[in-house]
Participant: 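My questions all concern the structure below.
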Amino acid sequence: INMVPEDCYQATHFYVNGIQRDDLIRGSLGAVYAIISSVSENMTFSADFERITYNISVSDNGFGTINQSSGVVDCGTSLHFEIIPNECYYVDNLSINGRSARDLAIWSPCAGEGFGDTVSFDLNNIAQDYTIVVTYRQFKDTVVTSLVGPGSISPSSYLNCGDSQQFTISPAPCYSITQITFDGVSILDEVEWNGNTAVCSVDAIHSNHTLSAVTEFDTYLIDIESAPNGTVTPSQDSVVDCGQSMEFTFVPDNCYTLD
């Protein structure tokens with residue numbers, strides 16, 4: 001006796017004259033039948049059919065949200081999945097039943113710096129178990145530092161998105177910082193100064209940036225002021241380089257001494 005279930009149904013029990021005889025069932029799912037060895041009287045046969053269900057397993061590494069959760073669904077069900085990474089994260093891998101499903105999904109850019117694409121896909125007319133695994137990864141951002149002139153900028157940083165970093169700009173001896181820009185905009189008046197060294201703080205990085213500085217050689221003006229009754233050599237104001245030495249001669253007039 002063949003038992004032919006409709007799509008997405010399966011035979012679960014078989015009855016002979018109202019008595020459950022599942023031991024007579026052979027086959028599985030759509031190819032189910034019962035063997036009756038001998039018929040010696042009127043008999044009544046009946047069967048129970050139940051809807052087939054499938055397990056849907058959904059997991060990720062915790063840095064985003066998925067609109068569907070693990071559970072059991074009826075055969076023939078369709079599900080829409082939407083994966084939204086947390087700020088500073090993106091979907092690095094999407095697998096369905098152990099295979100990459102990147103090419104099956106739709107990747108929609110999210111507005112705003114530091115936000116990864118929203119990923120969506122559909123499972124239509126479900127007819128098997130599914131295991132869906134999502135892996136998120138944190139964005140890596142770079143602050144590219146450059147210095148024109150002797151000195152140093154430290155550190156030269158590769159940062160995780162959302163991190164903050166403090167940069168120290170140190171000129172070489174006899175040099176001074178004359179320009180500091182962040183993404184091309186001057187921040188010379190916004191940094192903290194520790195003597196001749198500048199400290200620049202960058203908060204909550206969400207994209208790549210540039211930090212640049214210029215150092216220039218120091219020069220000094222020597223202002224010569226000579227009182228009456230004597231001479232100073234050299235007698236003119238002078239501009240000298242940092243580290244340069246100069247010699248001055250002071251000669252009082254007759255009848256005068258240096259005070």
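What you see is a predicted model; the values in this text were computed from it and never measured.
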Participant: Are the side chain of Q68 and the backbone N or O of H80 linked by a donor-acceptor pair below 3.5 Å?
Facilitator: yes
Participant: Just wondering, more than 12 heavy atoms not from Y256 lying within 6.0 Å of its OH?
Facilitator: no
Participant: Could you please spell out the steps behind the side chain to side chain contact (heavy atoms under 4.5 Å, CB included) verdict for S69 and V58?
Facilitator: CA-CA 6 Å; S69 57; V58 181; 5.7 Å; no
Participant: Any donor-acceptor pair under 3.5 Å linking the side-chain atoms of Y15 with those of D48?
Facilitator: yes
Participant: Aromatic contact between F49 and Y9, with the criterion being ring centroids under 6.0 Å apart: yes or no?
Facilitator: no
Participant: Counting only heavy atoms not in D237, do more than 12 sit closer than 6.0 Å to its CG atom?
Facilitator: yes
Participant: Taking S164 for the side chain and A204 for the main chain, is one N or O donor matched with an acceptor at less than 3.5 Å?
Facilitator: yes
Participant: Identify the two heavy atoms, one from P109 and one from D117, that lie closest to each other, and give their separation to 0.1 Å.
Facilitator: CA-OD1, 3.2 Å
Participant: Say you draw a straight line from CD1 of I177 to CG of N196; how long is it, rounded to the nearest 0.5 Å?
Facilitator: 6.5 Å
Participant: Checking side-chain polar atoms at under 3.5 Å, does S154 have a donor or acceptor matched by the opposite partner on T168?
Facilitator: no
Participant: Under 3.5 Å, is there a donor on one side chain and an acceptor on the other for D74 and T53?
Facilitator: no
Participant: Any idea which heavy atoms bring V134 and L94 closest together, and the distance?
Facilitator: CG2-CD1, 3.9 Å
Participant: According to a hydrophobic-cluster definition based on side-chain heavy atoms being under 4.5 Å apart (Ile, Leu, Val, Met, Phe, Trp, Tyr only), do M43 and L24 belong together?
Facilitator: yes
Participant: Show the numbers, then the answer: is there a side-chain hydrogen bond (donor to acceptor under 3.5 Å, both in side chains) between E87 and H206?
Facilitator: CA-CA 9 Å; E87 183 177 358; H206 281 79; 2.6 Å; yes
Participant: More than 12 heavy atoms of other residues, nucleotides or ligands under 6.0 Å from CD1 of I222: yes or no?
Facilitator: yes
Participant: Indicate the atoms forming the closest heavy-atom contact of C200 with I187, along with that distance.
Facilitator: SG-CD1, 3.5 Å
Participant: Would a single hydrophobic cluster contain both V133 and V119, if residues Ile, Leu, Val, Met, Phe, Trp and Tyr are joined by side-chain heavy-atom contacts under 4.5 Å?
Facilitator: no
Participant: If we only count heavy atoms from C-beta on, is the V202 to F167 side-chain gap below 4.5 Å?
Facilitator: yes
Participant: If we ignore angles and hydrogens, is there a donor and acceptor under 3.5 Å between the side chains of D22 and Q20?
Facilitator: yes
Participant: Applying the 4.5 Å side-chain criterion to the ILVMFWY set and letting contacts propagate, would I132 and Y89 be lumped into a single cluster?
Facilitator: yes
Participant: How far apart are the C-alpha atoms of V199 and Q166, what are their side-chain angles, what is the distance that settles it, and do they pass the side chain to side chain contact (heavy atoms under 4.5 Å, CB included) test?
Facilitator: CA-CA 7 Å; V199 178; Q166 191 175 77; 3.3 Å; yes
Participant: Taking the side chain as every heavy atom from C-beta outward, state whether M246 and V240 have any atom pair closer than 4.5 Å.
Facilitator: yes
Participant: Once you round to the nearest 0.5 Å, how far does CG of L123 lie from CD1 of I56?
Facilitator: 6.5 Å
Participant: Between Y136 and F63, does the ring centre distance come in under 6.0 Å?
Facilitator: no
Participant: Report yes or no: do L188 and V143 belong to one cluster of Ile/Leu/Val/Met/Phe/Trp/Tyr joined by side chain heavy-atom distances under 4.5 Å?
Facilitator: yes
Participant: Between F81 and F121, what is the ring plane arrangement, given parallel below 30°, perpendicular above 60°, and tilted in between?
Facilitator: parallel
Participant: Between A213 and I153, which heavy-atom pair has the shortest distance, and what is it?
Facilitator: CB-CD1, 4.2 Å
Participant: For a quick test of reading the model, state the closest non-hydrogen atom pair linking C88 to G162 and the distance between them.
Facilitator: SG-N, 3.4 Å
Participant: For residues V185 and I205: do they belong to one hydrophobic cluster (side chain heavy atoms under 4.5 Å, members Ile, Leu, Val, Met, Phe, Trp, Tyr)?
Facilitator: no
Participant: Taking the ring centre of each residue, are Y54 and Y130 less than 6.0 Å apart?
Facilitator: no
Participant: Closer than 3.5 angstrom, by distance alone: can the side chain of Q244 be matched with the main-chain N or O of D241 as a donor-acceptor pair?
Facilitator: yes
Participant: Specify the closest pair of heavy atoms between I224 and P234, including all atoms of both residues, with the distance to one decimal.
Facilitator: CG2-O, 3.8 Å
Participant: Within a 6.0 Å radius of atom CZ on R51, are there more than 12 heavy atoms belonging to other residues, nucleotides or ligands?
Facilitator: yes
Participant: I'd like to know if the side chain of T145 and the backbone of L211 have a donor-acceptor N/O pair within less than 3.5 Å.
Facilitator: no
Participant: Please check if atom CD in E6 has more than 12 non-hydrogen atoms from other residues, nucleotides or ligands closer than 6.0 Å.
Facilitator: no
Participant: Would you check if the side chain of T178 reaches a backbone N or O of E216 as a donor-acceptor pair within less than 3.5 Å?
Facilitator: no
Participant: Between S176 and D218, is the side-chain hydrogen bond (donor to acceptor under 3.5 Å, both in side chains) condition met? List the steps.
Facilitator: CA-CA 6 Å; S176 294; D218 294 330; 2.6 Å; yes
Participant: Measure the CG-CZ distance between N17 and F45 for me, rounded to the nearest 0.5 Å.
Facilitator: 7.0 Å
Participant: Any heavy-atom pair between the side chains of I180 and V191 that's under 4.5 Å?
Facilitator: yes
Participant: Counting only N and O atoms by type, is there a donor-acceptor contact under 3.5 Å from the side chain of W107 to the main-chain atoms of V91?
Facilitator: no
Participant: Between T215 and P150 (side chain of the first, backbone of the second, donor and acceptor by atom type, cut-off under 3.5 Å), is there such a pair?
Facilitator: yes
Participant: Assess whether side chain to side chain contact (heavy atoms under 4.5 Å, CB included) is satisfied between N97 and Q128, documenting all intermediate values.
Facilitator: CA-CA 10 Å; N97 289 349; Q128 66 178 81; 2.9 Å; yes
Participant: Taking the side chain as everything from C-beta on, heavy atoms only, tell me whether T131 gets closer than 4.5 Å to I96.
Facilitator: no
Participant: Could you tell me whether a side-chain N or O of D60 sits under 3.5 Å from a main-chain N or O of G62, the two making a donor and an acceptor?
Facilitator: yes
Participant: So does T210 get a backbone contact from the side chain of D183, meaning a donor-acceptor N/O pair under 3.5 Å?
Facilitator: yes
Participant: Is a donor on one side and an acceptor on the other found under 3.5 Å between the side chain of R102 and the backbone of S95?
Facilitator: no
Participant: Go through the steps for S108 and T118 under the test side-chain hydrogen bond (donor to acceptor under 3.5 Å, both in side chains), then give the verdict.
Facilitator: CA-CA 5 Å; S108 303; T118 295; over 6 Å; no
Participant: Going from OH on Y220 to SG on C242, what distance comes out if it is rounded to the nearest 0.5 angstrom?
Facilitator: 4.0 Å
Participant: Any chance you could measure D141, atom CG, to N160, atom CG, to the nearest 0.5 Å?
Facilitator: 8.5 Å
Participant: Rounded at 0.5 Å granularity, tell me how far OG in S100 sits from CG in N93.
Facilitator: 5.5 Å
